Amino acid sequence: PNEPREQWASRLGFVLAAAGSAVGLGNIWRFPYVVGEHGGAAFLFLYLIAIVLIGYPVMITEISMGRSTQKNPVGAFKALAPNTPWWLVGGLGVLTGFVILSFYSVIAGWSMSYIFKAIAGFPEGAGANEQLFGQHIAGVAEPLIYHFIFMVITVGVIAAGVVKGIQRIVELLMPILVVLLLIVVFRGVTLEGAGEGLAFLFSPDFSAVQPETILSAIGQSFFTLSLGMGAIITYGSYLSSKDEVPNSAIQIIGADTGIAILAGLAIFPAMFALGFETTQGPGLVFITLPAVFAEMPMGELFGFLFFLLLSIAALTSAISLLEVVAAYVIDEKNWPRKKAAAVVGAIIFVVGIPPALHAGVLSDVTIIGMDMLDFYDFISDSIMLPLGGVLTVIFAGHVWGMKNVADEANKGSRGLKIGHWMEPLLKYVIPLGVLIVMIVGIIDTLGG
Ligand code: PHE
Ligand code: NA
């Protein structure tokens, strides 16, 4: 090997990096509109249950797999189950990181360009903002340039290393993100009429709960915590065995959940106060919210802060996606880190060109009835991620075994320890739950 393997310079560095991976477009762009579609507080309640029963055990498992092997996902499975095909699950994770990043970077690019659009001032009305957004994503140069810039920044961080790149950037950016979000929340909840938005978020109407509400709560819990594709295995592989796993997992999950709720608080009170509807789907953040900013006092400033924080959240997730693929070629193919970051990043940029142009020159190109952005999103979020998650949990429960998971997770832990209560969750409940989500999701998408 060219360079000795790095370790986080402190446990806080690890927690911030993993929280940075978790907190992303999933919290600020996706979570609010999924909450909006599923009736607000009732969804929030189910989501919290999914986080505790699924998110926590899987987070513990992935950190432990990484820490005990000190390897990328492929190497981790190889080390824990030598001479078996289980390494393919790690390989699936690497591939998933590759695909997710290629379109994640496109959406992050929209967010970056919206930083400047916000300063210039958004037009008034949802219709005008829908047109603005449509024009933006249908362009050629703009989506490609921002996708490119975002990938260059991501590559730069990964090339600089685990401590000097990832840890340094998350220690700088995560506090900024929280402060910016608090400012935008404060603006929203102090608008006249904001109370209705608070009620929407916090007083559950359980009559709105459908089977699919439960399924999307489970689906969101996996994506939002960066589970099922090796990002947390990879970050765990830079953790020292002296550091605590159970407590770190709680802090990471607490940060992710807290920021998702704050994102809801940044958006719904302001929307209700200014008289906008809640169920806009993916356009919520790029269409409805700009219209809200256009009518808000000092909306240019708050719009600027919002899209800046959205871009920061996306960056700290994107670096974890690239690190999965980079760690794989560094460990398994002996590439130097800088070459790994640059070559992999360049390929991911190219693979992201079709989704970047999905609404423009490639708007006629569809696969199984989906445009190129929906298609990338579908194969990664609806197939690869849950499949990787199910297989990882089955591996941990049935092959590596509960005793090994618990021994590793509890090593170095002074306070909280993991008990065998987790075993039925790992062995049966989580695999079954996630498998059902995956199958229903596929049937739904292909059938409807
Ligand atoms: N957790 C990130 C989000 O919420 C997305 C992500 C998934 C990042 C998988 C890394 C790995 O946006
Ligand atoms: Na998240």
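Fair warning: this is a prediction, and the values are worked out from it, not measured in the lab. Order of appearance sets the numbers: ligands from 1, and atoms from 1 within every ligand.
No hydrogens or angles considered: a donor-acceptor pair under 3.5 Å links the side chains of Tyr238 and Glu323. For the residue pair Thr224 / Asp256, a side-chain donor-acceptor distance below 3.5 Å is found, with atom types taken as modelled. Donor-acceptor pairing under 3.5 Å is lacking for the side chains of Ser237 and Arg67. No hydrogens or angles considered: a donor-acceptor pair under 3.5 Å links the side chains of Ser311 and Ser111. A donor-acceptor pair shorter than 3.5 Å can be found between the side chains of Arg30 and Gln220.
Close contacts between ligand 1 and Ser320 involve ligand atoms 10 (C) [criterion: under 4.0 Å to a heavy atom]. In the vicinity of Leu25, heavy-atom distances shorter than 4.0 Å reach the ligand 1 atoms 12 (O).
Ala22 O, 2.9 Å is the protein heavy atom nearest to atom 4 (O) of ligand 1. If you check which protein heavy atom lies closest to atom 7 (C) of ligand 1, you get Phe223 O, 3.6 Å. The shortest contact between atom 9 (C) of ligand 1 and any protein heavy atom is with Ser226 CA, 3.6 Å.
Between His358 and Trp110, the ring planes lie tilted relative to each other; the angle falls in the 30° to 60° range. Taking the six-membered ring where the residue is Trp, Phe286 and Phe133 present parallel rings, their angle staying beneath 30° rather than reaching 60°. The aromatic rings of Phe43 and His38 sit parallel, their planes meeting at an angle under 30°, below the 60° perpendicular limit.
Distances from the Na ion (ligand 2) to each N, O or S atom of Asp256 single out OD1 as the nearest.
Distances between N or O atoms of Asp256 and those of ligand 1 include no value under 3.5 Å. Residue-to-ligand polar distances keep Val23 apart from ligand 1: every N/O pair is separated by 3.5 Å or more.
The closest approach between Phe31 and ligand 1 stays at or above 4.0 Å for every heavy atom of the residue.
Put simply, the side chain of Tyr114 does not reach to within 4.5 Å of the side chain of Val285, judged on heavy atoms.
Under 3.0 Å from the Na ion (ligand 2) lies no N/O/S atom of Ser226, from backbone or side chain alike. With a cut-off of 3.0 Å, the Na ion (ligand 2) has no N, O or S atom of Phe31 in range. Not a single N, O or S atom of Ser317, from either the backbone or the side chain, sits less than 3.0 Å from the Na ion (ligand 2).
Summarising the contacts of atom 2 (C) of ligand 1 with Gly228, Gly26, Ser21, the nearest heavy atom is found in Ser21.
When non-hydrogen atoms are compared, ligand 1 lies under 4.0 Å from the side chain of Met229 (C-beta onward) but not from its backbone.
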